[in-house]
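None of the values given here were measured: they were computed from a predicted structure.
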Amino acid sequence: MADPKGFLTTGREAAKTRPVGERVKDWNEVYVPGSLLPIISKQAGRCMDCGIPFCHNGCPLGNLIPEWNDYAYREDWTAASERLHATNNFPEFTGRLCPAPCESACVLGINQPAVTIKNVEVSIIDKAWDSGDVTPQPPERLSGKTVAVIGSGPAGLAAAQQLTRAGHTVAVYERADRIGGLLRYGIPEFKMEKSHINRRIEQMRAEGTKFRTEVEIGKDLDAAKLRRRYDAVVIAAGATVSRDLPVPGRELNGVHFAMEYLPLANKVQEGDLTVSPISAEGKHVVVIGGGDTGADCVGTAHRQGAASVTQLEIMPKPGEDRNANQPWPTFPMLYKVTSAHEEGGERVYSVSTTHFEGDEDGNVQALHLIEVEFKDGKLEQKPGTERRIPAQLVTLAMGFTGTDQSNGLVQQFGVKLDERGNVARDADYATDVEGVFVAGDAGRGQSLIVWAIAEGRSAARGVDRFLTGASALPAPIRPTDRSLTV
């Protein structure tokens with residue numbers, strides 16, 4: 001146990017963010033650099049050694065949270081890093097981006113603020129990188145087997161690293177010009193600087209993983225050729241089809257999917273563009289969708305100099321405390337103020353867009369909405385609540401509906417889809433096509449980064465067993481496992 005009285009004597013203290021007026025003028029991460037290390041050992045000491053660590057159940061990776069909390073409390077950063085990496089390939093990603101279902105399941109959270117698990121996690125891994133504790137782990141010998149991984153998001157990268165370390169020769173195919181998937185082009189720089197991805201890629205290269213960018217399987221390379229070239233294939237292409245909003249005026253200029261808008265802003269930060277072709281500068285911006293992707297659009301619009309930012313959500317405003325029907329240790333729906341929301345803008349709940357209004361040149365100028373409410377389990381409009389708000393840029397951030405089928409990947413492999421449009425798989429993450437596996441959102445549907453990494457690790461075990469007849473690789477989750485919710 002860390003500090004036997006830590007949870008009694010130490011209050012929760014989270015990472016500090018830079019002043020709003022400062023951070024909206026740049027694209028650096030919002031947190032004050034180095035602010036966690038002076039406080040994080042005491043924060044780790046709040047871990048209760050509770051006997052049954054429900055945080056393990058909240059985290060699909062099964063992270064050994066009490067163990068690395070103990071090491072962090074004692075400032076044994078090398079041991080903490082080893083325990084952290086025992087279950088998670090990329091803790092610097094999850095420590096910055098995961099919504100922390102582990103904290104929702106923290107036993108201390110029953111009647112006190114939970115342990116700052118995410119902050120401890122990111123402190124350990126950042127310290128490990130600074131201290132040189134993160135090194136390549138190439139395999140001792142090669143198996144002679146080859147694996148292709150399609151997609152370089154967190155699921156694909158986790159599967160590739162696990163299989164490389166198991167001795168297989170792995171190549172990752174990515175249709176974009178850089179490795180990282182949505183980590184690279186869907187997550188703004190202010191949430192995670194891309195240097196964190198770059199150094200992981202270099203570690204994986206040193207271990208033996210090969211990377212092939214600007215190759216879209218199904219278009220640039222036929223799936224049949226890929227199957228002939230490799231002993232096994234892992235489809236980790238994500239659930240990249242954005243949910244659309246089929247209302248009058250959708251075709252107007254200035255109405256874009258979030259994943260059309262966000263990548264361009266990231267390309268500016270990569271140095272590929274001087275100015276984004278889709279910019280919020282001087283415009284009234286409306287973001288449709290109240291989730292994390294919507295918040296990313298809000299923060300991006302602030303940094304581009306939007307005249308105003310309004311975020312719309314069709315669901316009612318969540319409460320700040322757990323509802324009775326969302327008891328501990330489930331992941332509750334709570335009102336969340338992200339760093340982007342701290343920077344300004346208006347959030348409007350229980351509204352639905354009826355149509356967009358444009359000018360004579362076909363550019364969106366306004367959005368018409370109406371209030372909605374649930375009646376008998378159905379969403380109904382409230383007559384007399386219609387209103388118009390200015391909008392010269394609209395981003396649709398309403399989630400994703402499944403794997404992209406327009407590029408021919410699904411059809412060329414001939415894999416079956418489940419009733420939700422995801423690639424179907426068995427208990428070993430294998431599709432109905434021999435030697436073809438699926439991991440991440442392509443098989444699960446839109447989910448969290450921590451689930452993607454867990455899926456990548458689990459699918460790697462299935463592939464390893466297919467290639468060699470047995471596997472010592474861990475499989476933290478089954479394809480049928482779901483989040484701890486009600």
Rounded to the nearest 0.5 Å, the CD atom of E343 sits from the OG1 atom of T338 at a distance of 7.5 Å
Is there side-chain contact between N266 and K194, with heavy atoms separated by less than 4.5 Å? yes
Looking at A239 and G445, what are the two nearest heavy atoms and their distance? CB-C, 4.4 Å
Quick one: CG on L37 to CG on N119, what's the gap to the nearest 0.5 Å? 11.0 Å
Quick one: does V351's side chain get under 4.5 Å of V372's, heavy atoms only? no
Please tell me if the side chains of F90 and L183 come closer than 4.5 Å, counting only heavy atoms from C-beta onward. no
Do the side-chain N and O atoms of Y261 and Q304 include a donor-acceptor pair separated by under 3.5 angstrom? yes
Is S152 reaching over with its side chain to a backbone N or O of E174, donor-acceptor style, under 3.5 angstrom? no
Using the six-membered ring of Y71, assess whether NZ or CZ of R83 lies under 6.0 Å from its centre and within 45 degrees of the ring axis. no
How about T209 and T164: does a side-chain donor come under 3.5 Å of a side-chain acceptor? yes
Check this for me, if you would: do R96 and E29 make a salt bridge, where the nitrogen-to-carboxylate-oxygen distance has to be below 4.0 angstrom? yes
Could you check whether any side-chain heavy atom of W328 comes within less than 4.5 Å of a side-chain heavy atom of V107, counting everything from C-beta outward? yes
Side chains of E13 and T116 only: does a donor on one sit below 3.5 Å from an acceptor on the other? no
Do K317's NZ or CZ and the ring of Y335 fall within the cation-pi criteria of under 6.0 Å and 45°? yes
Donor-acceptor contact below 3.5 Å, side chain E193 vs main chain S195: no
Answer with yes or no whether the side chains of E75 and S41 bring together a donor and an acceptor at under 3.5 Å. yes
Distance in Å, F93 CZ paired with I453 CD1, rounded so as to fall on 0.5 Å steps: 7.5 Å
Evaluation steps, side chain to side chain donor-acceptor pair (under 3.5 Å), between N63 and T87: CA-CA 6 Å; N63 280 334; T87 56; 2.5 Å; yes
Taking NZ, NE, NH1 and NH2 as the nitrogens, is one of them in R18 or D26 under 4.0 Å from a carboxylate oxygen of the other? yes
Beyond-backbone contact of F54 with C102, side-chain heavy atoms, under 4.5 angstrom: no
Measure the shortest side-chain to side-chain distance between D76 and T78 over non-hydrogen atoms and say whether it is less than 4.5 angstrom. yes
Whether the D464 and H168 side chains hold a donor-acceptor pair (N or O, under 3.5 Å, no angle test) is what I'd like checked. yes
Between K336 and D292, is there a salt bridge with N-O shorter than 4.0 Å? yes
Is it the case that the side chains of H341 and E346 hold a donor-acceptor pair, with the cut-off being a distance below 3.5 Å and no angle test? no
Ionic contact status for K375 with E373, cut-off 4.0 Å: yes
Around atom CE of M259, are there more than 12 heavy atoms of other residues, nucleotides or ligands at under 6.0 Å? yes
Is a side-chain donor or acceptor of R465 paired with a backbone partner of G469 at a separation under 3.5 angstrom? no
Can you name the closest pair of heavy atoms from Y230 and A171 and give their distance? OH-CB, 3.5 Å
Which distance, rounded to the nearest 0.5 Å, do you find between the CD of E103 and the CD1 of I65? 8.5 Å
salt_bridge(E455, R425) N-O dist < 4.0 Å: yes
Give the C-alpha distance, both sets of side-chain angles, the deciding distance and a yes or no for side-chain contact (heavy atoms from CB on, under 4.5 Å) between Y185 and K267. CA-CA 8 Å; Y185 287 129; K267 281 185 170 292; 3.5 Å; yes
Below 4.5 Å, heavy atoms only, C-beta onward: do Q161 and Q137 meet side chain to side chain? no
Return the minimal non-hydrogen interatomic distance between V450 and C59, and the atom names on each side. CG2-SG, 4.0 Å
Mind checking whether Q162 and R461 have side chains closer than 4.5 Å, heavy atoms only? no
With the threshold set at 4.0 Å, does a side-chain nitrogen-carboxylate oxygen contact exist between R199 and E202? no
N-O pairing of R444 and D418 below 4.0 Å: no
Once rounded to the nearest 0.5 Å, what's the spacing between atom OG of S471 and atom CZ of F466? 13.5 Å
Using every non-hydrogen atom in the two residues, find where R303 and V30 come nearest and quote the distance to one decimal. NH2-CG1, 3.7 Å
Would you give the length of the straight line joining atom SG of C98 to atom CD of E121, rounded to the nearest 0.5 angstrom? 7.5 Å
Would you check if there is a donor-acceptor pair between the side chains of N88 and T94 at a distance under 3.5 Å? yes
Before you tell me yes or no, could you show the steps for R184 and E270 under side-chain contact (heavy atoms from CB on, under 4.5 Å), namely the whole-Å CA-CA distance, both residues' side-chain angles and the distance that decides it to 0.1 Å? CA-CA 10 Å; R184 174 74 64 180; E270 295 280 8; 3.0 Å; yes
For residues D441 and Q446, is any side-chain donor paired with an opposing acceptor at under 3.5 Å? no
Between T135 and E207, what is the shortest heavy-atom contact and its length? O-OE2, 4.3 Å
